[in-house]
2 protein chains.
Amino acid sequence: MTPTAAAPDRERVIEAADRLFYAHGIQAVGMDAVRTASGVPLKRLYAQFPSKDALLVEVLRHRRSIWDAGIAAAAASATRPVDKILAVYDFLDEWFRTDDFRGCGFINAFGELGAVSPEVARIAREQKTDFQRYVAGLVEELGASAELAAQLAILAEGAQTTAAISGAPDAAIHARSAARILIDAALTEA
Amino acid sequence: MTPTAAAPDRERVIEAADRLFYAHGIQAVGMDAVRTASGVPLKRLYAQFPSKDALLVEVLRHRRSIWDAGIAAAAASATRPVDKILAVYDFLDEWFRTDDFRGCGFINAFGELGAVSPEVARIAREQKTDFQRYVAGLVEELGASAELAAQLAILAEGAQTTAAISGAPDAAIHARSAARILIDAALTEA
DNA sequence: CGCGATTGAGAACGCTCGTTCTCAGCGATG
DNA sequence: CATCGCTGAGAACGAGCGTTCTCAATCGCG
């Protein structure tokens with residue numbers, strides 16, 4: 001058993017669990033389902049992750065890196081800070097139109113387990129504050145206030161829950177145009 | 001057993017379950033906990049609600065009426081449509097500073113059970129669209145576009161998740177000032 | 001070819017929880 | 001005062017699930 005040979009197992013399990021947890025909710029998915037979907041037997045699965053909770057933590061970490069990569073890729077096509085900010089909403093728009101979109105995984109996980117698991121609550125909070133910091137960085141480049149950053153982040157969060165629950169994918173478009181107005185207002189005021 | 005005598009039981013159960021479900025999550029709360037908190041024995045409890053799912057539906061209905069009443073009360077102190085809109089964010093601000101605030105109960109319930117229970121998903125969606133309609137009505141009185149209404153609703157949703165997960169109660173204040181800017185922009189443009 | 005370590009498949013265990021059942025106590029009624 | 005029906009408290013039941021264990025098949029190595 002070389003340590004490198006175990007890596008594909010880990011990834012397969014995390015990706016399968018992520019897909020299942022996101023699609024059906026965490027508590028609704030049994031370890032047997034993870035095993036079936038990943039093709040990794042229970043024994044190896046528990047060799048990699050001591051418990052379902054530990055697996056969940058890794059799944060959330062994985063999901064965070066996916067999100068970060070998506071945001072970075074969306075920003076890469078833009079040069080000006082303003083466009084990088086607006087690219088966030090374009091990224092959301094694309095995501096919302098995905099077939100298996102079911103809201104923000106962190107918001108969902110927080111709603112389901114945030115009160116019971118401090119670990120889950122912490123990871124969700126970190127993801128949100130990370131995003132807020134990212135937006136704040138871009139806003140700073142713009143020379144606008146920190147309040148604008150908070151408002152832009154709130155718009156993004158609201159778009160996600162609105163798209164998820166109301167099933168309105170155009171929430172991203174509305175958030176985007178609102179963001180543009182807020183940015184313009186902040187810049188002309190300064 | 002007069003039918004009117006059963007009413008207090010119903011209310012006590014619904015209120016106790018609502019408090020527990022909201023505080024800890026739905027699946028984390030057993031029927032025994034509901035029984036203990038409400039003081040209503042299991043037998044009567046199951047006489048009123050055929051299952052936990054049925055109880056949950058009533059709990060969500062109850063929560064919806066509480067929300068509606070809160071919004072209505074907040075709007076009552078204002079006369080102009082603009083102030084009624086801004087009153088929504090004042091209401092959120094007050095709510096966010098509550099000790100036991102843990103986000104929007106509908107967003108949480110959707111995240112936990114929306115994928116598994118179409119009933120829960122439907123009730124959450126109805127609550128959100130109801131709120132969107134309410135905002136849309138006020139925006140219409142203002143003579144502004146339907147897009148502004150969508151944007152204002154997104155701000156309210158985003159403030160709720162931000163306050164819940166990031167633990168930032170001032171999300172309501174940021175949403176409020178953003179709302180004011182968007183409203184002003186929409187009105188001067190017209 | 002033979003033997004021992006490893007592994008995969010799934011059975012088994014223990015716990016939780018939704019739901020139902022039992023039974024002792026009690027109040028009403030004739 | 002005796003009896004009958006109802007009620008409350010909690011035991012009991014059955015299912016689901018996280019986690020562990022069994023055991024036969026397999027692979028590597030001498």
Side-chain angles (χ1 to χ4, degrees), chain A residues 1-60 108-109 112-113 115-120, chain B residues 1-60 108-109 112-113 115-120:
Chain A
M1 182 187 92
T2 70
T4 51
D9 270 0
R10 262 188 90 86
E11 269 184 48
R12 271 219 303 277
V13 171
I14 288 176
E15 274 165 23
D18 182 47
R19 231 171 304 129
L20 290 170
F21 289 170
Y22 179 69
H24 306 110
I26 296 153
Q27 300 180 82
V29 172
M31 291 299 268
D32 253 22
V34 175
R35 161 218 160 121
T36 303
S38 67
V40 175
L42 273 186
K43 208 173 189 176
R44 276 212 232 155
L45 209 159
Y46 274 96
Q48 294 280 335
F49 309 96
S51 68
K52 188 183 182 183
D53 289 338
L55 171 59
L56 173 59
V57 168
E58 295 308 313
V59 164
L60 291 178
N108 293 347
E112 181 171 357
L113 296 173
V116 174
S117 159
E119 193 78 352
V120 169
Chain B
M1 183 187 87
T2 70
T4 52
D9 269 0
R10 262 189 90 85
E11 270 184 49
R12 273 219 302 276
V13 171
I14 289 176
E15 276 165 21
D18 182 47
R19 231 172 303 130
L20 290 171
F21 289 170
Y22 179 68
H24 306 110
I26 295 153
Q27 300 180 84
V29 172
M31 291 299 269
D32 254 23
V34 175
R35 162 219 160 120
T36 303
S38 67
V40 175
L42 272 187
K43 206 172 189 177
R44 276 211 233 156
L45 210 159
Y46 273 96
Q48 293 279 333
F49 309 96
S51 68
K52 188 183 181 183
D53 290 337
L55 170 59
L56 173 59
V57 168
E58 295 308 314
V59 163
L60 292 177
N108 292 347
E112 181 171 358
L113 295 172
V116 174
S117 159
E119 192 79 352
V120 168

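Basis for what follows: all heavy atoms, side chains included, without hydrogens, waters or symmetry-related copies. Below, chains carry the letters A, B, ... as their sequence lines are ordered, and counting in each starts from 1.
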Inset, instruction - Check each residue of residues 26-38 of chain A for a non-hydrogen atom within less than 4.0 Å of any atom in DNA chain D, then write out the ones that pass by number, or none. - result: A:Val29, A:Gly30, A:Met31
Between N or O atoms, less than 3.5 Å apart, protein on one side and nucleotides 20-26 of chain D on the other: list the pairs.
none

Grab the N/O contacts between the protein and nucleotides 14-16 of chain D below 3.5 Å, and write none if there aren't any.
none

Inset, instruction - May I have the distance from B:His24 (atom NE2) to C:dC17 (atom C1'), rounded to whole angstrom? - result: 17 Å
Inset, instruction - Only pairs at least two apart or in different chains count here, so list each salt bridge (charged side-chain N to carboxylate O under 4.0 Å, His left out) that has a residue in residues 17-29 of chain A. - result: A:Asp18-A:Arg63
Legend entry - Nearest-angstrom distance from the residue atom CD of A:Gln48 to P of D:dT19: 15 Å
Legend entry - Whole-Å gap separating P (D:dT19) and NZ (A:Lys52): 8 Å
Legend entry - Nearest atoms (heavy-atom pairs only) where B:Val40 meets B:Asp9: CG2-OD1, 3.6 Å
Inset, instruction - Compare every heavy atom of B:Pro41 with every heavy atom of B:Gly39, then report the nearest pair and how far apart it is. - result: O-CD, 3.6 Å
Legend entry - Minimum heavy-atom distance between A:Val59 and A:Ile14, given as atom pair plus value: CG2-O, 3.9 Å
Inset, instruction - Please state how far atom CG in B:Leu20 lies from atom P in C:dC17, giving the value in whole angstrom units. - result: 13 Å
Inset, instruction - Rounded to the nearest 0.5 Å, what's the gap from CZ on A:Phe21 to CG on A:Leu60? Could you check? - result: 8.5 Å
Inset, instruction - Using the test side-chain contact (heavy atoms from CB on, under 4.5 Å), find all partners of B:Ala47 that sit at least two apart in sequence or belong to another chain. - result: none
Inset, instruction - Looking only at non-hydrogen atoms, find the nearest pair between A:Phe49 and A:Val13 and report the distance. - result: CE1-CG1, 3.6 Å
Under 3.5 Å, which donor-acceptor pairs do the side chains of residues 24-34 of chain A form with other protein atoms, sequence neighbours left out?
from, atom 1, to, atom 2, distance (Å)
A:His24, ND1, A:Leu20, O, 3.4
A:Gln27, NE2, A:Glu112, OE2, 3.2

Legend entry - Interatomic distance, A:Thr36 atom OG1 to A:Leu42 atom CG [nearest 0.5 angstrom]: 8.5 Å
Inset, instruction - For B:Leu45 and D:dT7, give me the distance from atom CG to atom P, rounded to whole Å. - result: 15 Å
Inset, instruction - Quickly, which of A:Arg35, A:Arg12, A:Arg10 forms a side chain to side chain contact (heavy atoms under 4.5 Å, CB included) with A:Leu45? Name it, please. - result: A:Arg35
Inset, instruction - Return the minimal non-hydrogen interatomic distance between A:Ala115 and B:Ala23, and the atom names on each side. - result: CB-O, 3.0 Å
